[in-house]
Structures are given as structure tokens and as C-alpha cells.
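Notes for the one structure printed next.
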Amino acid sequence: MLVWILLGITVVLTGCAQICLKLGVQSLLAHADPARGALGLVIAFWLEWRLLGGLALYGIATLTWLFVLSRLPLSLAYPFVGLSFVTVAALSVVLLGERIVPLQVAGTVLIALGVVLVAMSGNANPKSAPMMSAAEGNNEP
């Protein structure tokens, strides 16, 4: 059960990280001083808390993702990353005031349905067999 909760947390954290990065880069570009040059932009990047927050959220999401990968087959876990598209679309509408068109909604729904199908198939798949080394798989005399 914990692995599924952490998988959901991973998806939400990556979506929130994207929102933070978007807000941070918008703020950075709005307040950028061209006279300060590239070095000034790099320094401003490290002072923009939303950018740093987005990177921190990605770091935490990476840790939760590593735990998920240690417990679930990759072929089952990885399609759930697609739910971050759903999360980002929803957060973009709610937090950024973005508008999405019907084709975007349809595509997002198809992604979510695909994840549901993968999740349903995960219950039917037997545990993965351990990988054989090249020597074990070699049937030549």
C-alpha cells in the first residue's frame, strides 16, 4: 500500500515542481537586467525561490520514485508517470489561469485511461523472473 501512496506523491510532486519552475522562470525573466549579463542571470537564478523550490520538489520526487522502483516492476510503475501530464494540466488551469482546449482535455483523458489499463494489467502479470546472466542463457556446448 505504501508503494502506491509514494507513487501518487511522486506524480503530485513532479506536477507541483513544474508549476514552481514555470512561475520561477517567468519571474526571473520579468526582472532580468540585461546589463548584468549572463553571470547576473545565473546569480538571479540561484536567488529565485520558486526555481529552487521546483528543483527541491524534483529532488524529493526522485527519492520517492527510487523507493517505488525498488518495489514495483518498471513496466508497471513507469506509465504512472504519465499522470503527471494530468496533474500539470489541472494545476495549470487552477493556479496559472491557463485555458485548455477540448483536444487537450481529450488527450489528457486518454493518458489517464491508459494508466488505468496498465494498472489493471499489473494485477494479472506474474512477478518478473530474475534476469539470467549471459553464461546462464548460453545453450551452446
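Just the heavy atoms: all of them, side chains too, but no hydrogens, waters or symmetry mates, feed the values below. The structure presented is a predicted model; accordingly, all values stated were derived computationally and were not measured.
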Handout entry: same_hphob_cluster(I5, L63) at 4.5 Å side-chain heavy-atom cutoff
Key = no

Exercise for the section: Please check if atom CZ in F67 has more than 12 non-hydrogen atoms from other residues, nucleotides or ligands closer than 6.0 Å. Expected result: yes

Problem - ILVMFWY cluster membership beyond L110 - transitive side-chain contacts under 4.5 angstrom - result: none

Which atom pairs, donor and acceptor, lie under 3.5 Å between side-chain atoms of residues 42-49 and protein residues at least two apart or in another chain?
{"residue": "E48", "atom": "OE1", "partner": "S27", "partner atom": "OG", "Å": "3.2"}
{"residue": "E48", "atom": "OE2", "partner": "R50", "partner atom": "N", "Å": "3.2"}
{"residue": "E48", "atom": "OE2", "partner": "R50", "partner atom": "NE", "Å": "2.7"}
{"residue": "E48", "atom": "OE2", "partner": "R50", "partner atom": "NH2", "Å": "3.2"}

Exercise for the section: Specify the closest pair of heavy atoms between V118 and S75, including all atoms of both residues, with the distance to one decimal. Expected result: CG1-O, 4.0 Å

Practice task
Sequence neighbours left out, what passes side-chain contact (heavy atoms from CB on, under 4.5 Å) with V81? Give chain and number order.
Solution key: W65, Y78, S84

Ignoring hydrogens and angles, write down the donor-acceptor pairs under 3.5 Å from the side chains of residues 6-23, residues two or more places apart or on other chains.
{"residue": "T10", "atom": "OG1", "partner": "L6", "partner atom": "O", "Å": "2.8"}
{"residue": "T10", "atom": "OG1", "partner": "T64", "partner atom": "OG1", "Å": "2.6"}
{"residue": "T14", "atom": "OG1", "partner": "T10", "partner atom": "O", "Å": "3.2"}
{"residue": "T14", "atom": "OG1", "partner": "V11", "partner atom": "O", "Å": "2.8"}
{"residue": "Q18", "atom": "NE2", "partner": "Y58", "partner atom": "OH", "Å": "2.2"}

Exercise for the section: Determine whether L74 and V68 fall in the same hydrophobic cluster, where Ile, Leu, Val, Met, Phe, Trp and Tyr are linked whenever their side-chain heavy atoms lie under 4.5 Å apart. Expected result: yes

Handout entry: Shared hydrophobic cluster, L2 / F80 (ILVMFWY, side-chain heavy atoms < 4.5 Å)
Key = yes

Pairs of donor and acceptor atoms involving the side chains of residues 88-103, under 3.5 Å and at least two apart or interchain, shall be tabulated with distances.
{"residue": "S92", "atom": "OG", "partner": "V88", "partner atom": "O", "Å": "2.7"}

Handout entry: Which atom of G82 lies closest to which atom of I111, heavy atoms considered
Key = O-CG2, 3.3 Å

